[in-house]
Protein chains: 2
Amino acid sequence: MENCSFSLDTAFHALADSTRRAVISRLMKGPAPVKELAEPFDMGLPAFLKHLRVLEESGLIATEKSGRVRTCRIRPKHLSEAETWLSEQRALWQAGADRLATYVENQMTEDEDE
Amino acid sequence: MENCSFSLDTAFHALADSTRRAVISRLMKGPAPVKELAEPFDMGLPAFLKHLRVLEESGLIATEKSGRVRTCRIRPKHLSEAETWLSEQRALWQAGADRLATYVENQMTEDEDE
DNA sequence: CTTATTGTTTGCCAAGTGGTGAACTGAATG
DNA sequence: CATTCAGTTCACCACTTGGCAAACAATAAG
């Protein structure tokens, strides 16, 4: 829908699915064709291709077809942009935690499950 | 729906929305009541409460009601778990990049937009 | 008690997601 | 040419998401 090549919305959405995260993990070890990527999953090719499309539109992977084989590879730069957002937020929190550490010290460490 | 207190699925899903990311950013500066959180957004309370519920079920925030005011705060531990997954993946890729750097060197730096 | 404030719940709806099976295209292979 | 193999497209389906309006608590303030 969007022509934008990268957005946090689409990147995090792409990561919010265990199938797609598993594909990312696999591609971290090197490029692979669609069929090899799809094999571990109990799912038809059409459904799997939808996941690949989500990943490609998010900018997290790139694909290229040569002959009848489409080869997929990772685009680590876009993955690190998502990581950057998270680490920036954590840095923001740590600044606040440092600033307020005196009287809300317990609240910072209080995140056990209730 | 799920009793599980934390999963990458729900955490990344919660982050895949600009409204919810803005709430996270705001809460990084300190706790806040629902009304104050909702004010910047052009959206009714019911819709905003759904976003808050997604955030709370993902474990990224916690809420507590005292009197008629519900106060929300961040749970940074769960945010950093998502960050950890991303940095682990990047580390995996860097290991592979190092290993194969000799003959696929150009592919690693090839991720400009096509 | 009355009223305003702050959530909360309940229906409802349009659009998106995640899967299926079946039909199809286009490149290798015999 | 005939067949298989890899991928693609299509029509369809159940379910979820993200928004609304309206009615409904429950607490605080006058």
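In what follows, chains carry the letters A, B, and so on, assigned in the order in which the sequence lines appear, proteins first and then strands, with residues in each chain numbered from 1. The shown structure was predicted, so the numbers you read here are calculated from the model rather than taken from an experiment.
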Atom-pair distance (CZ on B/F12; P on C/dT17), nearest Å: 18 Å

Between atom CG in B/L55 and atom C1' in D/dT17, what is the gap in whole Å? 14 Å

Below 4.0 angstrom, which residues in residues 41-48 of chain A have at least one non-hydrogen atom near DNA chain D? A/L45, A/P46

Any side-chain heavy atom of A/L52 within less than 4.5 Å of one from A/L49? yes

What is the separation between atom NZ on B/K50 and atom P on C/dT9, rounded to the nearest whole Å? 12 Å

With sequence neighbours excluded, what pairs up with A/E88 under the side chain to side chain donor-acceptor pair (under 3.5 Å) test? none

Decide yes or no for B/I74 and B/L60: does some side-chain heavy atom of the first lie under 4.5 Å from some side-chain heavy atom of the second? no

Are side-chain heavy atoms of B/F12 and B/L86 found at a separation under 4.5 Å? yes

Just so I know, are the side chains of A/D9 and B/R21 near enough to count as touching, which here means a heavy-atom distance under 4.5 Å? yes

State, with a plain yes or no, whether a side-chain heavy atom of A/V23 is found less than 4.5 Å away from one of A/H51. no

Output every pair passing salt bridge (Lys or Arg N to Asp or Glu O under 4.0 Å) with a member in residues 33-42 of chain B, not counting sequence neighbours, ordered by first then second residue. B/R26-B/E36

Here the distance between atom C1' of C/dT20 and atom CG of A/L49, to the nearest Å, is 14 Å

Residues in salt bridge (Lys or Arg N to Asp or Glu O under 4.0 Å) with B/R70, at least two apart? none

Using nucleotides 2-6 of chain D, report all nitrogen or oxygen pairs with the protein that are shorter than 3.5 Å.
residue : atom : partner : partner atom : Å
D/dC5   : O2   : A/R68   : NH1          : 2.8
D/dA6   : OP2  : A/K35   : NZ           : 3.1
D/dA6   : O3'  : A/R68   : O            : 3.4

Under 4.0 Å from OP1 or OP2 of D/dT16: is there any side-chain N or O of B/H13 that close? no

Rounded interatomic separation in angstrom, taking CD from B/E57 and P from D/dT17: 9 Å

Under 4.0 Å between a side-chain N/O of B/H51 and OP1 or OP2 of D/dT17, yes or no? no

So, using side chain to side chain contact (heavy atoms under 4.5 Å, CB included) as the criterion, who are the partners of A/S87 when residues are at least two apart? B/E83

Those residues of residues 15-22 of chain B lying under 4.0 Å from DNA chain C by at least one heavy atom: none

Atom pair distance, as rounded to whole Å: CG in B/L52 and P in C/dT9: 13 Å

For A/R20, enumerate each residue passing the salt bridge (Lys or Arg N to Asp or Glu O under 4.0 Å) test, keeping only those at least two apart in sequence or located in another chain. none

Could you pull out all residues at least two apart from A/H13 that satisfy side chain to side chain donor-acceptor pair (under 3.5 Å)? none

Residues passing the side chain to side chain donor-acceptor pair (under 3.5 Å) test with B/S25, sequence neighbours excluded, are A/Q89

Base-pair string, DNA chain C, Watson-Crick plus G-U, cut-off 3.5 Å on both distances, | for inter-strand, is ||||||||||||||||||||||||||||||

A/C72 side chain near A/V34 side chain, heavy-atom distance below 4.5 Å: yes

For B/R53, give me all partners under side chain to side chain donor-acceptor pair (under 3.5 Å), at least two apart in sequence or on another chain. none

Expressed as a whole number of angstroms, how long is the span from B/R53:CZ to C/dT10:P? 11 Å

Do the side chain of B/K65 and the base of C/dG7 come within less than 3.5 angstrom through a donor-acceptor pair of N or O atoms? no

